[in-house]
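The figures that follow rest on heavy atoms only: side chains count, while hydrogens, waters and symmetry mates do not. The sequence lines fix the lettering, A, B, ..., with proteins before strands; numbering per chain opens at 1.
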Amino acid sequence: MSEHQIVGKPLPRVDAREKVTGQAIYGADFRLPGMLVGRFLGSAYAHAEIRRIDTSRAEALPGVYAVVTAADLPRGEHYDAGSRAHAVFAGDRALFVGQPVAAVAAEDLATAQEALRLIEIEYNPLPAVLDPVQAMDPSSPVIQHEGPADRSEMDVHTQQAADVKTLEDNENDNVVNKVDFEQGDVARGFAEADVIVEHTYRVPMVHQGYVEPHSQTALWDSSGRVTIWISTQGIFDVRERLAETLGLSASQIRVISTEIGGGFGGKMALFAPLVAVLARKAKRPVQLVLSRHEELQASNPAPLSVVHLKTGVKRDGTITAIQGKAVVDTGAYSGAPMTVICIMLGQAYKCANVRIEGYEVLTNKPSVTAYRAPGGPNAAFSIESQVDEMARAIGMDPLEFRLRNAAEEGTMQPHGRAHRRIGLKETLAALRPAWEDAKRWKQEPGDQWRGIGVACGGWEGGRGPGVAFMVLDEDGMFRLVCGVVDLTGSHTSLAQIAAEALGVSPARVRVVKSDTDTGPWAPMSAGSQTTYGMGPAVQEAAADARRQLLRYAAAYLKTRAGKLTLADDQIYVTDKPEKHVTLKKMYDLANGWSARFKPILGRGTAPRRQPAPSFAACVAAVEVDPETGKASIRRLVAAQDVGQAINPLSVEGQIQGGTVQSVGIALWEELAFDEQGTVRNPNLLDYRKATAADLPFIQTVLVNVPAGDGAYGAKIVGEPSIVPPVGAVANAVADAIGARVYDLPIMPERVWRALAARG
Amino acid sequence: MMVNGQPVTVETEPNRTLLEVLREDLGLTGSKEGCGTGDCGACTVHLNGRPVTSCLVLAPEADGCEIVTIEGLAQSGQLHPVQQAFIQYGGLQCGICTPGFVMAATALLRDNPNPTEHEVREAIAGNLCRCTGYDKIVRAILAASDVAER
């Protein structure tokens, strides 16, 4: 394998300076003259008829420029009552506490808040259903919408599956989607087993936890065109959403992304239509920034899951049967990663007999969306706890048990697709030293209970397509233009790929983010695939620009392109460096009124990549205080099959971030809904996110199992790291206390209850 | 008050916060609102040399005080060693929490020029980051303490 000059180097982020100096403009930093403050009024009830809305007193308040409700948004031909996206405002019914019922645009925050207080809403509260298992009971209140449920998540994951049985939708209950995956015969599998393990695992709704709330500003011009500046992961997704909900064509909409302060799957277009409607009615620019309370009560969290697993194992370590039932709570609108959860329950291990049923269930809570490997932590907590119990039951080391049963190329998955080339075994094996080390640590004396745990899991990820272009500027710098939002440092990696393909140092490449008007289409920055999917397009654009440049330079220098070297600021004849032309001169030769050649424009378009799923594994060491039940993390080692890391500094950072989010799901995080559907902890004191004082340094182990067709051997990166650690931490706590907690998060109280149950 | 070395006079309602005044009246948007309740640290500024969550400081409380925000840290275009270290060690990803961390870290290093890992973690426990897992932030601050010492 050739040694690359730039790809593979831990270069600092290209946008770092503006971020450390506070110069970067995030959604709420954006300003327009005459901009108004937008705020919305959320439903007071989890389930209620909205009988009457009287906005007259609010409209009359001085300083109020617009008050809007569902009446201001006529339903177009594409209106889908089952879609959260189209429910910009609650219509006849409110379906979760905090669902926007009305909104105002006013001169300042205080006036806007006062205006909201003046809006009168007559509700007729209806019985609400909050628990998904109860919601499946026919006697529960039904939240069904008119129209078909959103099956897009399910369709994406089963489109290539062979043996999928999808069950009929019954509109008289809250179950909006079902799947049933079957391989082999679980009855036979259980008959063969020496030990059968059966448990139910519960993961609550959690928030993606981005530090920057949803923020967006809209401005209409006199021709009926709207521009929106928005903190989003996908500008073209926002454009599409606005077109659907406002009845516009794409060409009437311009979407510009501001710098994004975290997304993790939770920031697409959720509040874009609302701010656009406000700005249209106010006839002035309007900025809507959610409060933290609104984020935690009423945005789009990750799903609650109740997973029942019954598995069989032989004394020799063979897993003979995996039977699962996953009930996935999607909140008030469908779109949960139920199918993914079902696939992942049997994805990491070889097992001849698998039967997994999944149910996506509506409840009166804010509907869910993606959160970094959506469904992954839900599945991993369940199956990785179960795998540990099987290993213990037959007295086998948990890491060896996993290695013995690990899926590999050709292993069948629950939905009927065989694995392609994957690096699960290699990634698990890479943790052997850390695991042995952890065992030694556990033997050291301490006044708290020590426990260690291991877990694994993978993620398929997205795969493009990608498009980019490259131009030469008059200072000899190369400008890479693409529309992707830099969520994770991808601009830096793409600049490295471009520099490598050009043959110049990375400082000569400048990445410019275009918007929906000024640049080509861009994929959403999600699915772990920004660098993976865009890399080849960037490579092609850079190679194309280089080819043109060398062709013109060859003509100018009267030689052949093959005899030239492109360096940082000039092109010279390789064997005769004194014969050269500067890049600035090449710019002049290609541009301007007396140009001899054509302007240089490098063009790159790449189709979707081959799938390059990535597996991760984690070793966790914890100490549990015997007096309080509090679990503390002492060690975290995270391994991931990343292919070739384009920028190791960035890749390590991604892995560390995902690992900590997963630990948070294991130990601290929960959106705690009460019986009225109100979140009891809608603030960052009570919704407990990890702090620096809760964690040790996080060791990362980068594994490279070549697969897929990314630029320079890159694979998907961003999501896999959030999958295993929740399982590793749960296993470590179980190891420490000799009992298991089946409901997350593992709060001290739950440790105490598990100990009390054990006796 | 003095803001980043410049005398500033602002007339405002008494119930506005220092954060609102900095961001809206003075255009200093480097300090961020992540929660509005003093729990995330994204609004951290120095008030008379001490790191404070400016979302919990009423504007009138800042009367007669010296305020330093993230924008005032770099001197004549030269980045502070903490800022340099964050860049070099990958102590930021999305960057929304970064100003708050830099302000907390610079205050720490002024009081404790050679902190241990534990002391760094305690000092920045009031700043929430969702992207990094804190690993490279802590390493950056420890590295900056070495530089600042020299």
Under the salt bridge (Lys or Arg N to Asp or Glu O under 4.0 Å) criterion, do A/Arg292 and B/Asp39 qualify, and how do the steps go? CA-CA 11 Å; A/Arg292 182 56 54 182; B/Asp39 296 309; over 6 Å; no

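Interface residue B/Gln83: backbone and side-chain heavy atoms are both found under 4.5 Å from chain A. Using a 4.5 Å cut-off between heavy atoms, B/Arg16 makes no contact with chain A at all. For A/Ile698, the parts lying under 4.5 angstrom from a heavy atom of chain B are both the backbone and the side chain. When heavy atoms are compared at a cutoff of 4.5 Å, B/Glu33 approaches chain A solely by way of its backbone atoms N, CA, C and O.
Side chain of B/Tyr134 to backbone of A/Ala690: a donor-acceptor contact under 3.5 angstrom is found.
Chain A forms more heavy-atom pairs under 4.5 Å with one residue of B/Gln84, B/Glu122, B/Lys32 than with any other, namely B/Lys32. For chain A, the option among B/Ile124, B/Leu73, B/Thr69, B/Leu92 with the highest count of heavy-atom pairs below 4.5 Å is B/Leu92.
Between A/Glu652 and B/Lys136 there is a salt bridge, since at least one side-chain N of the basic residue sits less than 4.0 Å from a carboxylate O of the acidic one.
A 4.5 Å side-chain heavy-atom check between A/Val20 and B/Ile87 finds at least one atom pair inside the cut-off. Side-chain atoms of A/Pro12 and B/Tyr89, non-hydrogen and from C-beta on, never get closer than 4.5 Å to each other. Taking 4.5 Å as the limit, some side-chain heavy atom of B/Leu79 sits within range of a side-chain heavy atom of A/Thr21.
Relative to the six-membered ring of A/Phe697, B/Arg121 meets both conditions, a distance below 6.0 Å and an angle of at most 45° to the axis.
For the side chain to side chain contact (heavy atoms under 4.5 Å, CB included) criterion with B/Arg130, the lone passing option out of A/Gln661, A/Gln208, A/His207 is A/Gln661.
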